[in-house]
Amino acid sequence: MIIVLKPRITKRQENSVLREIRKLGYEPHVMRGVARTVVGAIGDEEKNPSLEKLTTWPQVESVTPIQSRFRLVSREAHPKNSTVKVGRHLIGGKKMQVMAGPCSVESEKQLMETAHAVRKAGATILRGGAFKPRTSPYEFQGLGEKGLKLLAKARDETGMPIITELLSQKHVDLVAEYADILQIGTRNAQNFQLLIAAARTGKPVLLKRGMSMRIEEWLLAGEYVLANENAGLMFCERGIRTFENYTRNTLDLSTIPAVKQESHCPIVIDPSQGCGRADLISSLCKGAVAMGADALLIEVHPNPAEAWSDGAQQITLDGFKKLMRELKPIIKAAGRS
Ligand code: PEP
Ligand code: MN
């Protein structure tokens with residue numbers, strides 16, 4: 001910790017700070033400048049009590065931790081890119097991963113038709129919501145376990161691992177029994193008990209960015225996952241709240257270089273929730289790939305006009321096929337396969 005003392009304090013006030021630092025298990029090193037005195041407190045910040053309480057002392061100007069708050073997610077802690085293994089796929093490796101499927105699982109026919117089509121077009125992981133976090137309680141809430149069973153059936157038929165949202169702590173065991181990746185949605189991004197429970201299932205976690213979350217808060221939420229016996233963490237940008245309402249959210253593509261710079265964890269882009277409009281998905285995917293995203297999470301539906309949720313942003317099976325074709329040269333130019 002670096003403790004900056006206020007100017008013109010008495011020797012007695014300074015000594016009482018040094019005494020307190022020693023009492024809490026740290027060794028103070030005093031640096032006397034012209035205007036101010038700075039104290040470096042050296043000691044194990046994990047074992048000893050925090051020195052933060054000194055901020056309330058009248059002779060103290062500031063207390064700054066030396067150790068990063070991002071002990072596990074930061075690139076400092078792990079300089080190389082980390083990868084997340086899902087079945088035979090590696091997220092964060094050389095291969096660009098595409099997770100695609102409907103917003104909600106609606107029926108066996110809808111899911112199987114979508115699963116086969118997206119796999120054929122080149123998707124590697126199947127997405128589909130069985131528990132849906134809907135803004136209104138009167139909207140479709142998802143098929144629940146029946147939806148999970150259909151996802152498992154689609155996995156059996158296509159060989160694609162599945163990603164689905166874990167909405168509540170009471171469903172942890174149930175969802176983990178079926179899912180290959182647990183998706184934590186934007187509304188739960190700072191539900192820390194849920195993050196811990198998700199991490200402890202031993203399934204990889206995809207952590208969406210909270211719609212009003214700063215990057216620092218998002219990384220700290222990820223810290224909860226990595227600190228709890230997890231099987232891997234991916235960050236997923238899905239758009240944030242801004243004043244703009246041309247799009248449903250504002251997809252913050254600057255998170256790609258930012259997360260890459262700050263963290264070793266893979267970054268996934270969800271353009272579907274990100275813009276809420278089928279007509280913009282293709283451009284956003286291309287931009288995301290070119291900027292170095294490790295994976296895309298795209299909503300695809302056989303008949304978006306009839307979708308039970310998020311109809312305006314889901315692309316058709318043909319639209320997805322076309323998109324995958326168009327992405328090929330960009331994936332290659334980004335140095336991926
Ligand atoms: C979704 O992926 O369908 C979803 C509800 O995501 P988000 O949590 O980003 O809104
Ligand atoms: Mn959706």
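All ligand and atom numbering here is 1-based and tracks the order in the structure.
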Show the atom names and distances, to 0.1 Å, of all donor-acceptor pairs under 3.5 Å that link a side chain in residues 211-220 to residues at least two apart or in another chain.
residue	atom	partner	partner atom	Å
E216	OE2	R69	NH1	3.1
E217	OE1	R214	N	2.8
W218	NE1	L207	O	3.3

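- For the pair R32 and E14, the salt-bridge criterion is met [side-chain N within less than 4.0 Å of a carboxylate O].
- Put simply, the angle at the Mn ion (ligand 2) from OD2 in D310 to OE2 in E299 is close to 130°, to the nearest 10°.
- Ring geometry for H171 against F131 counts as parallel: the plane angle stays under 30°, on a 0 to 90° scale with 60° as the upper cut.
- Considering only heavy atoms from C-beta on, S282 comes within 4.5 Å of K286 through its side chain.
- Both the sub-6.0 Å distance and the 45° axial angle are satisfied by R277 relative to the ring of Y246.
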Distances under 3.5 Å, N/O of ligand 1 against N/O of the protein: list each pair and its distance.
residue	atom	partner	partner atom	Å
ligand 1	2 (O)	R127	NH1	2.8
ligand 1	2 (O)	R127	NH2	3.4
ligand 1	2 (O)	Q183	NE2	3.0
ligand 1	2 (O)	K208	NZ	3.1
ligand 1	2 (O)	Q273	NE2	3.2
ligand 1	3 (O)	R127	NH2	3.0
ligand 1	3 (O)	K132	NZ	2.9
ligand 1	3 (O)	Q273	NE2	3.4
ligand 1	3 (O)	E299	OE2	3.1
ligand 1	6 (O)	K208	NZ	2.9
ligand 1	8 (O)	T186	N	2.8
ligand 1	9 (O)	K208	NZ	2.8
ligand 1	9 (O)	R238	NE	2.7
ligand 1	10 (O)	R187	NH1	3.1
ligand 1	10 (O)	R238	NH2	2.9

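- Residues T64 and V4 have side chains not in contact (no heavy-atom distance under 4.5 Å, counting atoms from C-beta outward).
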